[in-house]
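Start at 1 and go down the list; that is how both ligands and their atoms are numbered.
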Amino acid sequence: MVLPVSWSKGWQQKRKYFFIAVHLYIVFHFLAWYVFDWKFWGKTAMLGLLSLVGGKINAAAIMIVLIVTSILFFGRFFCGWFCHLRGSIEFFDWILFKLNIGDYRKRRSKNVLHSVRYRWVFRGLVLLSLLTPVIGYHLRGQFTGFSIQQDQMPPLADLPGFEDKLFKASAPINVDISWTLLDYGLVGFTTFFILFVIGFVFNYHMGQGAFCRVVCPYPVLFAPLMNKFKYQTKITKVGDCTGCRSCSNSCPQGIDVSREIFHFKGKVTSLECIKCYRCIDACDDNVLMDTYKGMGEQTRFFKAYEKTPWLKGQRNQQIQDELPVWIDVGAIAFSVFIGTITSNLGGFWFYVGSIIAFVLFRTNMKFIFSKKSEA
Ligand code: SF4
Ligand code: SF4
Ligand code: SF4
């Protein structure tokens, strides 16, 4: 069985090379900083948001401004082509598919994507938790305006091994790293474990790309800039659509592409679109293109199978489990609570704690709920 959209042709092949290039850049940056002592720019990562809100202008803060500005013109193209986390998430999706763990191949081929109600609230709470240190800074009146940060954050700033510690310096528990071979292994394993939980564990439980669909807080920043500028490029119907739905069935974000282009003047307007171009690759009739220009002419019958999907409030997600509201709310609350505790070990540990808590809560409650329903 092969993946519904192959990594070895079309846009996916180009994306594969992009993600490899992004990771090579990260390795180059580490080598430049730590081995060759070329310190032209510091850490460029999403934690630049914290710097920016705190008034510190550094490389990471500039990167955040560039990313957010790019949304206005290209939508979430950054997500689909440049985000290194997305690269890891899709890598683990590929591993799960190849190894077919827990019948993943079957679910993946049918594009089974689980989600929760209130995922935007979830993302918002995660963002709030991420920003808590700088919010406190503002509340205490310590904000003194914007300034260029001279002492740049090093590339490893939020990763295991920084300042020769396994966790962040102020963590309640820690391990000193003296950079022996064993310590390199420990740091490597810990970093891998974080990515494993974000990619492997979450993909496995909630379907491909779950981190981007459910938890990642950055779409909260991106959403207000989506569909605001007439020159923003969007996935667009430029030819005669047959209504075959291959595009919808291949979308990792659960967007019903064929329904969107039917209802929104040939455009995918969903805030969830990450510009991965899987829909474009899946369309054998070359009907889709990423452009700001208007839709192409439709000469044949365009199947009007669902006229008002937005009234159901679910047009962006394919599957929401039939669970009571309290399970979704409970899973989100428990997840943010545990994530806030584990974030004391370092920024990325928020996600480890929150994802494990979310999965455990949801799985157990689902089990209890199904037992109750049977009885
Ligand atoms: S949603 Fe978050 S993790 Fe996913 S690609 Fe976008 S920024 Fe990266
Ligand atoms: S856009 Fe292409 S893949 Fe999607 S329904 Fe139309 S013909 Fe099929
Ligand atoms: S609509 Fe197309 S480009 Fe957007 S996320 Fe879905 S498959 Fe990717």
With a cut-off of 4.0 Å, which atoms of ligand 2 are near a heavy atom of [X]?
| X | answer |
| --- | --- |
| Gly243 | 5 (S), 6 (Fe) |
| Thr242 | 6 (Fe), 7 (S), 8 (Fe) |
| Cys247 | 1 (S), 3 (S), 4 (Fe), 5 (S) |

Tell me the protein heavy atom at minimum distance from [atom], and give that distance in Å.
| atom | answer |
| --- | --- |
| atom 8 (Fe) of ligand 1 | Cys83 SG, 2.3 Å |
| atom 4 (Fe) of ligand 1 | Cys212 SG, 2.3 Å |
| atom 5 (S) of ligand 3 | Ile274 N, 3.4 Å |
| atom 1 (S) of ligand 1 | Arg76 NH2, 3.4 Å |
| atom 6 (Fe) of ligand 1 | Cys79 SG, 2.3 Å |
| atom 2 (Fe) of ligand 1 | Cys216 SG, 2.3 Å |

query: Applying a 4.0 Å heavy-atom criterion (strictly less than), which segment of Ser270 is in contact with ligand 3: side chain, backbone, both, or neither?
result: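 It is neither; nothing of Ser270 touches ligand 3.
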
- prompt: Side chain, backbone, both or neither: which part of Lys275 has a heavy atom under 4.0 Å from ligand 3?
  reply: backbone

Supply the atom-to-atom distance [X] [atom1] to [Y] [atom2], rounded to the nearest 0.5 angstrom.
| X | Y | atom1 | atom2 | value |
| --- | --- | --- | --- | --- |
| Asn111 | Cys251 | CG | SG | 7.0 Å |
| Arg76 | Gln253 | CZ | CD | 6.0 Å |
| Ile64 | Asn58 | CD1 | CG | 10.0 Å |

Closest candidate by heavy atom, reference atom 7 (S) of ligand 3, pool Gly80, Cys279, Gly209, Ser250: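 Minimum heavy-atom distance to atom 7 (S) of ligand 3 goes to Cys279.
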
- prompt: For ligand 2, is any non-hydrogen atom under 4.0 Å from Arg245's backbone (N, CA, C, O), its side chain (CB onward), both, or neither?
  reply: backbone

query: Which one holds for Ser258 and ligand 2: side chain close, backbone close, both close, or neither close, with close meaning a heavy atom under 4.0 Å?
result: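 For Ser258, only side-chain atoms sit under 4.0 Å from ligand 2.
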
query: Can you list the atoms of ligand 1 that are under 4.0 Å from a heavy atom of Arg86?
result: 5 (S)

- prompt: By number and element, which atoms of ligand 1 are closer than 4.0 Å to a non-hydrogen atom of Phe211?
  reply: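 Reading through ligand 1 atom by atom, the close ones are 3 (S).
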
message: If we check ring-ring contact (aromatic ring centres under 6.0 Å, His included) with His29, which of these qualifies: Tyr34, Trp41, Trp38?
response: Trp41

- request: Measure from the side-chain N and O atoms of Arg213 to the backbone N and O of Gly207, and report whether any donor-acceptor pair falls under 3.5 Å.
  value: yes

- prompt: Got a sec: is Cys241 within less than 2.8 Å of atom 6 (Fe) of ligand 2 via an N/O/S atom?
  reply: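 So Cys241 counts as coordinating atom 6 (Fe) of ligand 2, yes.
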
task: For atom 6 (Fe) of ligand 3, decide whether Cys276 has an N, O or S atom at a distance under 2.8 Å.
output: no

message: On a heavy-atom basis, which atom in Tyr292 and which in Gln232 lie closest, and how many Å separate them?
response: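 Tyr292 and Gln232 have their closest heavy atoms at CB-O, 3.6 Å.
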
